[in-house]
Amino acid sequence: MQISFADSRPAGDFALVLPAAGKNRLALDSLGSDRTAVDAALSRQRFEGDSGSVADLFVPADGGVRRLLVVGTGDGTSASEAAEKLGGALVGRLLVSGETQAVIDLTNLNYDADAAARVALAASLRAWRYDRYRTKLKDKQKPTLKSLTIVGAAADAASRWEERWRPVYDGVAFTRELVTEPANVIYPETFVERVQGAVKGTGLQIEVLDGEAMRKLGMGALLGVAQGSIRDPRLLILRWNGGKDGEAPVAFVGKGVTFDTGGISIKPAAGMEAMKWDMGGAGAVAGAMIALAKRKAAANIVAICGLVENMPDGNAQRPGDVVTSMSGQTIEVINTDAEGRLVLADAITYVQRHYKPTIVVDLATLTGAILVSLGHEFGGLFTPDDDLANQLLDAGQAVGDKLWRQPMADSFDKLIDSQIADMKNVGPREGGSITAAQFINRFVDNGTRWAHLDIAGMVWSDKPDTTYDKGATGFGVRLIDRFVEASVEAR
Ligand code: BES
Ligand code: MN
Ligand code: ZN
């Protein structure tokens with residue numbers, strides 16, 4: 001969808017979008033003599049301007065009719081939140097409506113450049129879809145909306161969009177593509193190839209380790225997961241050096257299980273297809289790096305994606321196997337379906353050894369248990385570090401990638417002690433997301449600040465929301481982007 005900014009409404013046919021903040025219908029003043037009829041029509045459908053509510057009307061125009069969308073932004077929401085509601089709601093309604101052009105008029109709203117640009121961001125995000133394999137879409141199912149013109153925005157809204165938010169759109173779109181693609185298309189090698197294509201011209205540095213290179217480094221935990229698959233694993237490293245020379249980086253580590261059958265501890269058939277998105281953490285980390293590079297973030301960042309496929313096979317690891325991680329710690333693999341933590345363990349050791357980051361944040365679709373705790377409303381946040389917790393909570397709140405902090409404690413850590421090795425990869429069923437976090441914590445060096453985000457409930461949605469259709473959400477990209485921005489601001 002083409003986005004443009006203009007001083008006044010263009011000539012010709014378009015759907016007009018006007019905001020209404022709660023009971024305040026200031027924007028409707030621009031309707032002139034149609035105002036009375038529109039007000040009556042809004043009352044008749046009990047439109048009260050609630051956040052995200054949409055009234056779809058037609059008004060006379062040049063002897064024909066013009067579609068008029070009145071979009072509610074609610075009372076008392078921040079301008080940026082209201083702006084995203086506007087952009088998202090208008091696209092949700094118009095994308096396949098038959099309308100090809102939309103104009104949203106922000107005159108009188110007093111939005112600053114950022115808020116106006118976030119109308120563009122939310123509209124673009126909501127319009128994203130992946131129709132690559134849908135060869136038989138009926139005309140009525142195809143998107144019609146080609147352009148959105150934003151009128152009445154502050155003068156520098158267009159550059160704010162181009163420089164600050166379009167990069168974020170590009171990052172989220174890339175993540176969604178990776179997450180949406182099935183596992184016969186995206187596996188460790190092809191994940192890397194897609195990233196190589198996406199980073200061209202961004203200034204990101206890329207490095208890739210194959211299975212053999214990881215064997216030499218002693219990454220027995222990650223390799224144990226990979227050994228049941230014919231797909232060779234990869235460790236993908238992306239670097240962005242936008243900060244001061246020599247300043248220690250912040251690291252983001254993503255779980256990239258391109259398909260999770262469970263391995264020998266195989267999952268039930270029903271719903272297993274969802275496990276194509278078990279690389280959502282790695283996808284988010286990769287997409288965030290695209291965003292950070294394209295907006296030229298003033299920070300040093302390193303991203304690590306641990307990419308493996310978890311399959312049952314004659315060569316697959318067995319329950320009870322003991323593996324030695326890169327850290328030297330040994331792990332009894334009680335359940336081969338608790339594979340994400342094994343991948344993260346070695347990826348986190350690698351990033352600490354090679355890059356000495358001050359902060360490590362890992363993102364992973366790690367446990368089904370986090371869905372039991374938090375549903376699809378919040379990602380689980382685990383960290384012993386209160387300041388880091390608050391920084392991540394704030395970042396999530398600011399951009400809509402919401403997190404809820406979960407506890408950690410030594411009493412949970414004890415539950416993964418093993419009889420035969422240093423630890424086992426699962427604890428009891430109860431507190432399953434917490435023992436998973438405690439497991440990862442055992443691979444974090446003293447002095448490294450660390451947080452774990454369990455995003456199993458967030459990377460895929462069965463229903464549309466403001467900034468996404470059903471399907472891949474791109475959760476985590478905006479969170480990372482905002483977290484980095486806030487860290488730079490705080491310096
Ligand atoms: N990828 C899954 C977690 C998952 C499950 C994400 C359902 C989304 C929906 C992870 O690898 C896994 O299988 N975890 C196990 C851990 C258990 C064996 C301790 C789980 O949650 O069942
Ligand atoms: Mn699993
Ligand atoms: Zn998994």
Side-chain angles (χ1 to χ4, degrees), residues 179 183 186-188 191 221-222 224-229 231 233 253-284 305-313 316-321 331-347 362-380 382 406 412-413 415-416 418 423-440 452-462 471-473 475-476:
V179 167
I186 288 293
Y187 43 90
F191 184 110
L222 185 152
V225 178
Q227 79 187 31
S229 171
R231 308 295 189 189
V253 178
K255 169 180 172 181
V257 176
T258 57
F259 197 80
D260 181 13
T261 62
I264 295 300
S265 313
I266 197 164
K267 290 180 180 295
M272 202 202 278
E273 70 282 358
M275 287 299 109
K276 74 172 182 179
W277 49 253
D278 206 19
M279 35 54 69
C305 299
L307 301 165
V308 301
E309 185 179 58
N310 189 21
M311 297 290 269
D313 178 78
Q317 70 179 343
R318 293 148 292 256
D321 282 5
I331 304 160
E332 182 188 11
V333 179
I334 297 289
N335 189 319
T336 64
D337 198 10
E339 84 297 340
R341 63 199 76 182
L342 298 169
V343 173
L344 290 172
D346 279 341
D362 77 75
L363 289 84
T365 51
L366 205 64
T367 66
I370 202 70
L371 278 106
V372 178
S373 325
L374 300 176
H376 301 286
E377 305 306 319
F378 297 91
F382 301 80
Q406 305 284 107
F412 288 105
D413 178 77
L415 300 174
I416 53 170
S418 158
M423 69 195 88
K424 50 189 183 183
N425 74 331
V426 296
R429 210 172 72 89
E430 299 88 342
S433 306
I434 309 173
T435 45
Q438 297 289 167
F439 180 94
I440 301 166
H452 157 60
L453 309 181
D454 192 339
I455 60 172
M458 306 309 288
V459 307
W460 193 265
S461 178
D462 292 333
T473 62
F475 187 95

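For ligands, and for the atoms within them, numbers begin at 1 and follow the listed sequence.
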Asker: Quick check on contacts: which atoms of ligand 1 are under 4.0 angstrom from a heavy atom of Thr365?
Answerer: 1 (N), 2 (C), 3 (C)

Asker: Would the distance check show the side chain of His452 and the main-chain N or O of Phe382 forming a donor-acceptor pair, the cut-off being under 3.5 Å?
Answerer: no

Asker: Ser373 versus Gln406: any side-chain heavy-atom pair under 4.5 Å?
Answerer: yes

Asker: If you have a sec, read the angle at the Zn ion (ligand 3) from Asp278 atom OD2 over to Asp260 atom OD2, to 10 degrees.
Answerer: 90°

Asker: Going by heavy atoms in the side chains, are Met275 and Thr261 under 4.5 Å from each other?
Answerer: no

Asker: Show me which atoms of ligand 1 lie under 4.0 Å from any heavy atom of Ala456.
Answerer: 6 (C), 8 (C)

Asker: Heavy-atom distance under 4.5 Å between the side chains of Arg341 and Thr367, does that happen here?
Answerer: yes

Asker: What's the shortest heavy-atom distance between Ile266 and Pro312, and which atoms?
Answerer: CD1-CG, 3.9 Å

Asker: Please state whether Arg429 comes within less than 4.0 angstrom of ligand 1, counting heavy atoms only.
Answerer: no

Asker: Hey, could you give me the CG/OG1 distance between Leu415 and Thr435, rounded to the nearest 0.5 Å?
Answerer: 7.0 Å

Asker: Specify the protein heavy atom at minimum distance from atom 2 (C) of ligand 1: its residue, its atom name, and the distance to 0.1 Å.
Answerer: Asp260 OD2, 3.6 Å

Asker: For atom 9 (C) of ligand 1, what is the nearest protein heavy atom, given as residue, atom name and distance?
Answerer: Met275 CE, 3.6 Å

Asker: Quick one: are Ile334 and Pro319 in side-chain contact, heavy atoms under 4.5 Å?
Answerer: no

Asker: What heavy-atom pair brings Gly228 and Met311 nearest, and what distance separates the two atoms?
Answerer: O-CB, 3.4 Å

Asker: What I'd like to find out is whether the side chain of Trp460 reaches to under 4.5 Å of the side chain of Lys276, using heavy atoms alone.
Answerer: yes

Asker: If I take the Zn ion (ligand 3) as the centre, what angle separates the NZ atom of Lys255 from the OE2 atom of Glu339? Nearest 10 degrees is fine.
Answerer: 90°

Asker: If you measure every N/O of Gly368 against every N/O of ligand 1, is any gap under 3.5 Å?
Answerer: yes

Asker: Using a strict cut-off of 4.0 Å, indicate which atoms of ligand 1 neighbour a heavy atom of Glu339.
Answerer: 11 (O)

Asker: Just go through Ile455, Thr261, Asp337 and tell me whose heavy atom is the nearest to atom 12 (C) of ligand 1.
Answerer: Asp337

Asker: So does Ala338 have any N/O/S atom less than 2.8 Å away from the Zn ion (ligand 3)?
Answerer: no

Asker: Which one of Asp346, Leu342, Leu307 satisfies the side-chain contact (heavy atoms from CB on, under 4.5 Å) criterion with Leu222?
Answerer: Asp346

Asker: With a cut-off of 4.0 Å, which atoms of ligand 1 are near a heavy atom of Val426?
Answerer: 19 (C)

Asker: Taking 4.0 Å as the limit for heavy-atom contacts, which would you say applies to Met458 with ligand 1: side chain only, backbone only, both, or neither?
Answerer: neither

Asker: Could you please give the number of protein N/O/S atoms within less than 2.8 Å of the Mn ion (ligand 2)?
Answerer: 4

Asker: Short question: side chain of Asn310, backbone of Thr336 - any donor-acceptor pair under 3.5 Å?
Answerer: yes

Asker: Taking 4.0 angstrom as the limit, do Lys255 and Asp362 come out as a salt bridge?
Answerer: no

Asker: Out of curiosity, Arg231 CZ to Thr258 OG1, how far, rounded to the nearest 0.5 Å?
Answerer: 8.0 Å

Asker: Between ligand 1 and Arg341, is the shortest N or O to N or O distance under 3.5 Å?
Answerer: no

Asker: Is there a donor-acceptor contact under 3.5 Å from the side chain of Ser433 to the main chain of Ile370?
Answerer: yes

Asker: Please state which option from Asp278, Leu366, Val459 has its nearest heavy atom closest to atom 1 (N) of ligand 1.
Answerer: Asp278

Asker: Under 4.0 Å from a heavy atom of Asn335: which atoms of ligand 1 are those, numbered in the order shown and with their elements?
Answerer: 18 (C)

Asker: Taking only heavy atoms of Trp277 into account, list the atoms of ligand 1 that are under 4.0 Å away from them.
Answerer: 8 (C)

